[in-house]
Amino acid sequence: MIVLKEGNRRIPKWNRKVFAVAGGVTEYKKFCPEMKLEEQVMVAFRQMLENNDLKLSPVEIKGLINFLACGSFSDHFQDQLLCEAKVTDYLGLDPMYDIGIKTGGATGGSTVLTAAMAIASGYADVALAVGWERMSEVDTRTGNYYIANAACKDFETRLSRIYAAYYAPMAVRFAWAYNLSEETRAKVAVKNHLYAYYSPYSQQPGKYTIQDVLNSPMSTYPLRFLECCAMTDGAACMLLCDEKTAYQLTDKPCELSIAGGSHTLRVADRRDMEIPLLPHETPDMYKGLRKKEGQRWPGFESFAAARFAAYFAYGMAGITDPLEELDLVELHDAFTISDIQTYGDIGLRPYGQEPDYIESGDAYLGGKCPANLSGGLIGTMHAVGATGIFQGVECLWQIQGKYDKFHGDPKIWKSFGKKKPEDWRSLQVSDAKHALWVSHACVGSHVTVGILKKAF
Amino acid sequence: MTAGEKITKYIGKPAKVLQSEPAKVIEWPRSLIHRHTYGKLSPFFTGLTEGRLLATRCVNPECGEDGLWLPPRADCPDCNQPMTWEELPQPIVGTVHTYARVEYAGTGIEMTTPYFQIDVELPGVCTIFKGYLQYGTPEIGMRVKACFRTEDSTNTILDIYWIPYEG
């Protein structure tokens, strides 16, 4: 049994504050032959430098950067070792040091964490977090096999060679343990495909009904294709600074807290353990949680890595009641079930009551704490190394009040060969002060939780 | 020999052009063989080919974990001491903790689809063990029995599978 000691529970502390000031993303699509990897990164980098209302010129800002954290998930996909060197050269940031970051689906979050540590420690005043993935290098089934190498190759990979098959058992068990219906799962898919409809960057926008989702082809029972993210080509980047530089660069900086947690690669190896409680939780809340035969925590239902990352991040950011204090969240909805599982881990609902976050309406725009207004992974993108950066950038733009600027401008739609929908609507959350995003790997092997706080 | 005396010849195979517009995309085929060791877990994989299921146990009296580990590990993650092997008595009967029906599998799948992947609880084992059900329809709590591919072994985890158990 894993027993956490005092040192393990120590809340991370920056030596100085860290701020996010700007972000850049690309169009996300399944196959982007018109650009190479570094050319796509350039698109995100230019958007970050040129369109974020920064008070210095792109060349001047480049002159401030002296560290890069570079995220990409898979050498299999890129088929190019050390692409960090190609990217840093291509962006014209040589000879600044770039560290390659790899933590599966949490790569983007880990990349932001690494850049933030550079700022917090004083290594850099301005650091770039940049991530990418080129998943179109192989066909979809081969891509699924590559990703299944992020399951245990000795004991799991040969048993399915597709990642949906490692989440499907969690979906079955969660439904049995915590009374989750297929309709509630489908609602997550409907919501996130719909929110993607309003984003020019999105890969899988759509106005679907619950029935459309349930009628879509099966990937691994019980998960249908419309409940799963797709393979994506794309990139994203975020600019982090110390306090002084942040206010020199922008009138709208956001203070960043970010932390991570890890757990075994094999979900079935997760033995029962005591639940690390969040500030608003009490031990009494979970007395009846393991009431069914064979129940364990986190087991197949929850993610200890996400819980621990949230425990750290809330401690760093001073969040004591997440549902009340967070104005929006971006969650790692690689599958509908992973999205739902996370509601308990980050305390949007107590464990066992996760479906209520959707059913109550809290998760929708206009609700208490809307989730995945970006369209998330199901609707917009999962270019793995970029994902956890993209999510953070969408949070940043929400707090800065720039949802419309970055999603509603017809010129952006046109630049991707798309037409802004006639019925486009703004998904801007009014007066958002705190936004959280979850970057998540594997079946919960690595998870970061980042929190941006309005600092203007 | 001076550089000018020998002509360097191209001996590769020209790349197939998959598309030319809006950008040129080529095919880059490859076939590679990796060498993979089962390391200290070799007895487990050999055991499967002999019809035996081997787990590991921590025998450090100061360690808090007294359950068996399956999948096995050579060393205990709680106290970091080497563990010892133990064979599970036959018949090996467990209960289905959860399951999934794989319909769309990735490249190289070695089983006919659809099939049921199951996660099995076993008495005395502190972990849960993933495998597949050869026939039947699983449900949570259903009892299943371990079987082994002792002929035509694959030398992989697919040498163990489960069938419904009525005993």
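Below, read A as the first sequence line, B as the second, and so on, with proteins coming before strands; counting in each chain starts at 1. Bear in mind that the values here come from a model prediction, so they are computed numbers and not experimental data.
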Against chain A, work out which of B/T154, B/T156, B/V120 has the most heavy-atom pairs shorter than 4.5 Å and name it.
B/T156
Do side-chain atoms of A/R158 reach the backbone of B/L158 as a donor and acceptor pair under 3.5 angstrom?
no
Check: A/Y221 side chain, B/Y99 main-chain N or O, donor-acceptor pair, under 3.5 Å
no
If you count heavy-atom pairs under 4.5 Å between each of A/V3, A/I162, A/L223, A/V267 and chain B, which one has the most?
A/I162
Okay, A/A148 and chain B: the region with an atom under 4.5 Å from a heavy atom over there is neither
Within 6.0 Å of CG in B/D152, more than 12 heavy atoms from elsewhere
no
Answer with side chain, backbone, both or neither: which region of A/F31 has an atom nearer than 4.5 Å to a non-hydrogen atom of chain B?
side chain
Counting heavy-atom pairs closer than 4.5 Å to chain B, which one of A/T140, A/T142, A/L159 comes out on top?
A/L159
Gap between atom CG of B/L41 and atom CG of A/D154 - 0.5 Å precision:
7.0 Å
Would you give the length of the straight line joining atom SG of B/C126 to atom CZ of A/R296, rounded to the nearest 0.5 angstrom?
8.0 Å
Run the salt-bridge test on B/R30 and A/D79 with the 4.0 Å N-O cut-off and return the result as yes or no.
yes
Which bit of A/D139 is near chain B, if near means a heavy-atom gap under 4.5 Å: side chain, backbone, both or neither?
side chain
Please classify the contact between A/R270 and chain B as side chain, backbone, both or neither, with a heavy-atom cut-off of under 4.5 Å.
neither
So for atom OH, which belongs to A/Y145, do other residues, nucleotides or ligands contribute more than 12 heavy atoms lying within a distance under 6.0 Å?
no
Please confirm whether the backbone N or O of A/D269 pairs with a side-chain atom of B/T127, one donor and one acceptor, at under 3.5 Å?
no
Quick check against the 3.5 Å criterion: does A/N144 have a side-chain atom that pairs as donor or acceptor with the backbone of B/A105?
no
I need the residue from B/E110, B/H97, B/M111 with the largest number of non-hydrogen atom pairs under 4.5 Å to chain A.
B/H97
Picking from B/F116, B/F129, B/W69, which has the most non-hydrogen pairs under 4.5 angstrom with chain A?
B/W69
Check whether any side-chain heavy atom of A/R271 sits under 4.5 Å from a side-chain heavy atom of B/P77, and report yes or no.
yes
If I take atom CZ from residue A/F300 and atom CD1 from residue B/I128, how far apart are they, to the nearest 0.5 angstrom?
5.0 Å
Chain B contact via A/T264 - side chain, backbone, both or neither, heavy atoms under 4.5 Å
side chain
Mind ranking A/R266, A/E34, A/E293 by heavy-atom pairs under 4.5 Å with chain B and telling me who comes out on top?
A/R266
Working for side chain to side chain contact (heavy atoms under 4.5 Å, CB included), residues B/K130 and A/F155:
CA-CA 7 Å; B/K130 192 181 280 297; A/F155 292 97; over 6 Å; no
Could you check whether atom CD of B/E62 has more than 12 heavy atoms from other residues, nucleotides or ligands sitting under 6.0 Å from it?
no
Flag yes if more than 12 heavy atoms outside A/L82 fall under 6.0 Å of its CG atom; otherwise flag no.
no
When you compare the side chain of A/S219 with that of B/E103, does any pair of heavy atoms fall below 4.5 Å?
no
Does A/K153 NZ have over 12 foreign heavy atoms under 6.0 Å away?
no
Neighbour count above 12 (heavy atom, 6.0 Å) for A/E39 CD:
yes
Note: A/P33 and B/Q19 closest approach over all heavy atoms is CG-NE2, 3.5 Å
Answer key: most heavy-atom pairs under 4.5 Å with chain A among B/I140, B/V25, B/I118, B/L70 is B/I140
Residue A/K414 excluded, over 12 heavy atoms near NZ under 6.0 Å:
no
Check this for me: A/K102, atom NZ, are more than 12 non-hydrogen atoms of other residues, nucleotides or ligands nearer than 6.0 Å?
yes
Going by the angle between their ring planes, with limits at 30° and 60°, are B/Y104 and A/F225 parallel, tilted or perpendicular?
perpendicular
NZ/NE/NH1/NH2 to OD/OE distance under 4.0 Å, B/D119 and A/R173:
no
Side chain of A/T220, backbone of B/V102: donor and acceptor closer than 3.5 Å?
no
Mind ranking B/A100, B/G64, B/A23, B/P22 by heavy-atom pairs under 4.5 Å with chain A and telling me who comes out on top?
B/A100
